[in-house]
There are 2 protein chains.
Amino acid sequence: MIKCVKCEQVDSIMKAGYVRGKQRYLCKTCNYYFTQSEKDVSASSVMKRRRHQTTIIDIAKSLGVSNSTVSRALHGHADINPETRQAVLDKALQLDYQPNQLAYNLVKSKTNTIGMIVPEFHNPFFPNVIIGAHEVLTNAGYNLTIMQSNESYQVEISNTKAMLANRIDGLLISLTQETNNFDHLSVFEKRGIPLVLFNRVCEQINVPKVVVNDFEASFLAVEHLIMNGYERIAHLGGPLNLLVSQERLRGYRAAMEKHGKTIEDHMIIQGMLTQQKARIYGQYLLDLANRPDAIFAVNDSSAIEIMLMAKEKGISIPDELGVVGFSDNPESAYIGPGLTTVRQPTYEIGRTTADWILQLVDDEDVILPEKRVLKTELIVRGSSRRCGN
Amino acid sequence: MIKCVKCEQVDSIMKAGYVRGKQRYLCKTCNYYFTQSEKDVSASSVMKRRRHQTTIIDIAKSLGVSNSTVSRALHGHADINPETRQAVLDKALQLDYQPNQLAYNLVKSKTNTIGMIVPEFHNPFFPNVIIGAHEVLTNAGYNLTIMQSNESYQVEISNTKAMLANRIDGLLISLTQETNNFDHLSVFEKRGIPLVLFNRVCEQINVPKVVVNDFEASFLAVEHLIMNGYERIAHLGGPLNLLVSQERLRGYRAAMEKHGKTIEDHMIIQGMLTQQKARIYGQYLLDLANRPDAIFAVNDSSAIEIMLMAKEKGISIPDELGVVGFSDNPESAYIGPGLTTVRQPTYEIGRTTADWILQLVDDEDVILPEKRVLKTELIVRGSSRRCGN
DNA sequence: AACGTCTTCGCAAACGTTCCCGATAGTTTT
DNA sequence: AAAACTATCGGGAACGTTTGCGAAGACGTT
């Protein structure tokens with residue numbers, strides 16, 4: 001009773017094993033393998049019935065028009081009769097049509113999404129940058145997906161890969177302190193995906209960058225300390241492979257040299273300033289035989305840690321110890337006599353990078369790589385004001 | 001010389017206008033319209049040559065196998081010869097293949113992305129929640145896209161629409177203070193997209209919620225004030241359409257009543273506490289003829305504003321005025337005598353919501369809606385410590 | 001020889017859009 | 001009346017995957 005599906009023969013059929021639960025046959029005459037399901041498959045086909053979302057095709061069918069017409073109507077394109085358009089729009093509303101962005105993305109090969117990779121979240125700096133960028137991107141109709149490299153080069157690489165796979169339209173990135181190789185970034189250039197670096201930038205790659213005037217800011221901060229009569233100023237700096245750390249160190253040195261202060265190498269400490277590290281370094285500096293009379297720290301949390309330790313040790317601020325931080329965290333305005341610090345325009349950084357990426361995404365024309373330097377502001381508070389000025 | 005493309009006739013051809021730059025003809029015999037481009041189209045086809053990214057098809061072609069084989073090899077599926085797989089992997093590396101997540105998303109109808117909508121960014125509360133959720137989601141291999149409703153119901157609706165269009169796998173949302181209608185949320189239920197509410201929740205919709213023990217926290221905070229000898233305690237509350245505001249007000253009232261304190265209605269102010277509003281309300285309260293001897297504010301920024309104003313007016317804290325805030329912002333530890341406040345487990349809130357949405361995304365089985373209540377902690381500082389306890 | 005098992009791979013249909021072309025018909029100009 | 005123009009609409013390829021199902025052998029077992 002089994003007929004070959006090709007030659008319609010019945011005699012020369014022989015069994016040839018099972019495949020996925022179905023009997024398999026071989027026709028000896030035409031030498032053709034074929035299978036025949038024993039059970040009806042209706043049950044399984046019912047099983048995998050998925051939740052259906054109304055598509056353009058549904059609208060087209062129910063209106064008796066073509067997909068293209070519906071698509072045109074939905075997008076207010078030309079070549080469409082106003083009545084037809086209205087009918088489509090009504091039907092879309094009635095069927096609760098929600099466009100499938102995924103299909104759109106695939107065909108257009110763009111996602112209306114900008115990616116952002118930041119090294120960490122724990123200082124308020126990056127969250128604020130995100131807020132600024134988010135505002136600009138949202139207003140321009142773009143989404144923002146954020147990833148966190150956690151200061152790890154390997155994670156940064158996997159982040160960029162994920163960004164590539166997700167076909168973001170542009171990338172905003174602030175580098176890891178471990179990042180010394182930039183191949184994972186040049187991939188974006190090759191792919192024609194715009195890229196903007198901010199804060200943690202590098203010189204080795206030729207893309208737009210947004211930074212602040214770290215050198216100048218440090219210079220002014222240290223000069224401010226000197227003007228207030230501090231002589232032996234220590235520097236608590238960040239890891240030296242970061243450009244920002246180098247620049248801030250340069251500013252410190254320049255100010256010291258300009259005013260003829262001797263720079264004592266053991267008073268310069270560079271490294272990743274976790275809270276624990278800040279305490280250790282602070283301990284070291286404050287217990288020094290010939291202890292510094294001021295400390296310029298590269299972030300506010302370290303500066304505050306120093307202030308707390310000084311308070312514990314009975315060292316008065318600003319009389320016996322001047323302290324200056326960097327970034328103007330919210331708590332810096334309220335602690336002790338107030339922490340003098342360098343305010344970074346965080347929102348502005350976010351807005352600027354976002355503005356820039358939007359330009360690059362929209363314009364196909366290559367815009368020359370440029371470094372945009374935003375201005376910081378020295379906020380003078382009690383922790384460094386010793387001369388009444 | 002023009003032949004009809006159907007009947008091959010030459011004589012009965014006549015011109016019939018232009019369409020998009022091409023001459024159009026009509027064959028009179030077979031009554032058939034057709035066009036014939038005058039210029040060669042090679043130029044234009046070269047023009048629109050797009051940047052090509054290597055696809056699975058490229059690998060398949062260069063290896064002489066089929067797409068399916070490549071796909072299976074790339075995903076470590078079964079039914080694949082180890083040698084073939086290795087060849088595919090090598091070729092993929094060689095051609096710098098990056099999978100196209102968009103195509104994957106389309107065919108799988110999922111995006112590996114969780115959406116999050118928050119009303120605002122300016123308090124550190126939501127950024128911290130984001131950090132917690134981000135951590136969990138990243139570890140689980142999910143992306144996070146964040147949108148901001150800006151406390152506007154309309155924006156919230158458009159946000160949810162965008163989330164739907166982008167086919168997120170799950171949504172975390174904290175509602176706007178304007179949100180009284182929840183149709184835009186029930187859409188997610190209908191679509192089978194899991195939803196978790198946090199912080200700004202509502203009772204009208206039956207989904208998992210993550211909140212803190214607002215009532216209890218308020219109760220304890222006010223009781224703490226009473227224990228410290230404060231009698232006439234004012235309450236600076238949030239907008240009353242928010243459940244959190246209602247709960248905190250309830251806690252305030254309960255504590256006052258339990259200890260037999262009279263609740264004076266003009267000492268309860270509810271509203272959106274911007275910095276400006278906080279100043280206005282604070283002014284009002286502190287200038288009252290029979291001024292309160294303590295203020296329980298519903299967030300720290302308002303409490304701090306009160307403290308600053310008290311300082312300006314020469315009202316001593318905590319002797320003449322006790323102040324308690326809510327949320328434990330970073331600056332609260334450092335201001336004046338220290339601000340007593342209710343610490344919210346922000347990271348934990350983020351982690352919990354994220355954990356939950358991941359469960360819902362993975363399990364098709366419906367988990368019963370449940371409200372998870374996280375514990376707050378009363379952080380006692382100088383602004384309310386009057387009895388040495 | 002007849003039948004069963006196992007491994008490996010290809011075909012082709014989705015997934016839901018967008019958009020290039022051309023088709024059709026009515027109207028206007030030459 | 002021929003030619004041109006205008007306004008609408010449909011067909012169908014493309015976007016790059018995944019995956020169900022079957023094909024083609026090789027080999028083992030009665």
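Every chain is numbered from 1 and lettered A, B, ... according to where its sequence line falls, protein lines coming before strand lines. In what follows, every heavy atom counts, from backbone to side chain, and hydrogens, waters and symmetry copies are set aside.
If you measure from atom CD1 of B:Ile59 to atom P of C:dG10, you get 14 Å, rounded to the nearest angstrom. Distance A:Asn100 CG to D:dC15 C1': 13 Å, rounded to the nearest Å. Regarding A:Arg85, its CZ atom lies at a distance of 11 Å from the P atom of D:dC9, rounded to whole Å. If you take CG of A:Asn81 and C1' of C:dG26, they are 13 Å apart, rounded to a whole angstrom. When the P atom of D:dT18 is taken as reference, atom CG of B:Asn105 falls 11 Å away, rounded to whole Å. Rounded to a whole Å, the NZ atom of B:Lys108 is 14 Å from the C1' atom of D:dG16. Taking atom CD of residue B:Gln86 and atom C1' of nucleotide C:dT8, one finds them 17 Å apart after rounding to whole Å. The CD1-C1' distance, from A:Ile56 to D:dG10, rounds to 14 Å in whole Å.
Both B:Ile57 and A:Pro82 lie near DNA chain D, and the one whose nearest nucleotide falls closer to the 5' end is A:Pro82.
In this structure, the side-chain hydrogen bond (donor to acceptor under 3.5 Å, both in side chains) partners of B:Ser68, at least two apart in sequence or on a different chain, are B:Ser66. For B:Asn150, there are no side-chain hydrogen bond (donor to acceptor under 3.5 Å, both in side chains) partners at least two apart in sequence or on another chain. With sequence neighbours left out, A:Asn105 forms a side-chain hydrogen bond (donor to acceptor under 3.5 Å, both in side chains) with A:Gln101. For A:Tyr153, the ring pair (Phe, Tyr, Trp, His ring centres under 6.0 Å) test picks out A:His184, with sequence neighbours left out. Under the salt bridge (charged side-chain N to carboxylate O under 4.0 Å, His left out) criterion, A:Asp96 pairs with B:Arg191, sequence neighbours left out.
When the side-chain nitrogen and oxygen atoms of B:Tyr104 are compared with OP1 and OP2 of D:dC15, none of them lie within a distance under 4.0 Å. Note on A:Thr84: a side-chain N or O is less than 4.0 Å away from OP1 or OP2 of D:dC9.
A donor atom on one side chain and an acceptor atom on the other are not found under 3.5 Å apart for A:Thr138 and B:Gln148. Between the side chains of A:Thr113 and A:Thr145, no donor-acceptor pair of N or O atoms lies under 3.5 Å.
Counting any heavy atom pair closer than 4.0 Å across all strands shown, B:Leu106 reaches a base atom.
A heavy atom lying under 4.0 Å from DNA chain C marks the following residues of residues 63-75 of chain A, by number: A:Ser68, A:Ser71, A:Arg72, A:His75.
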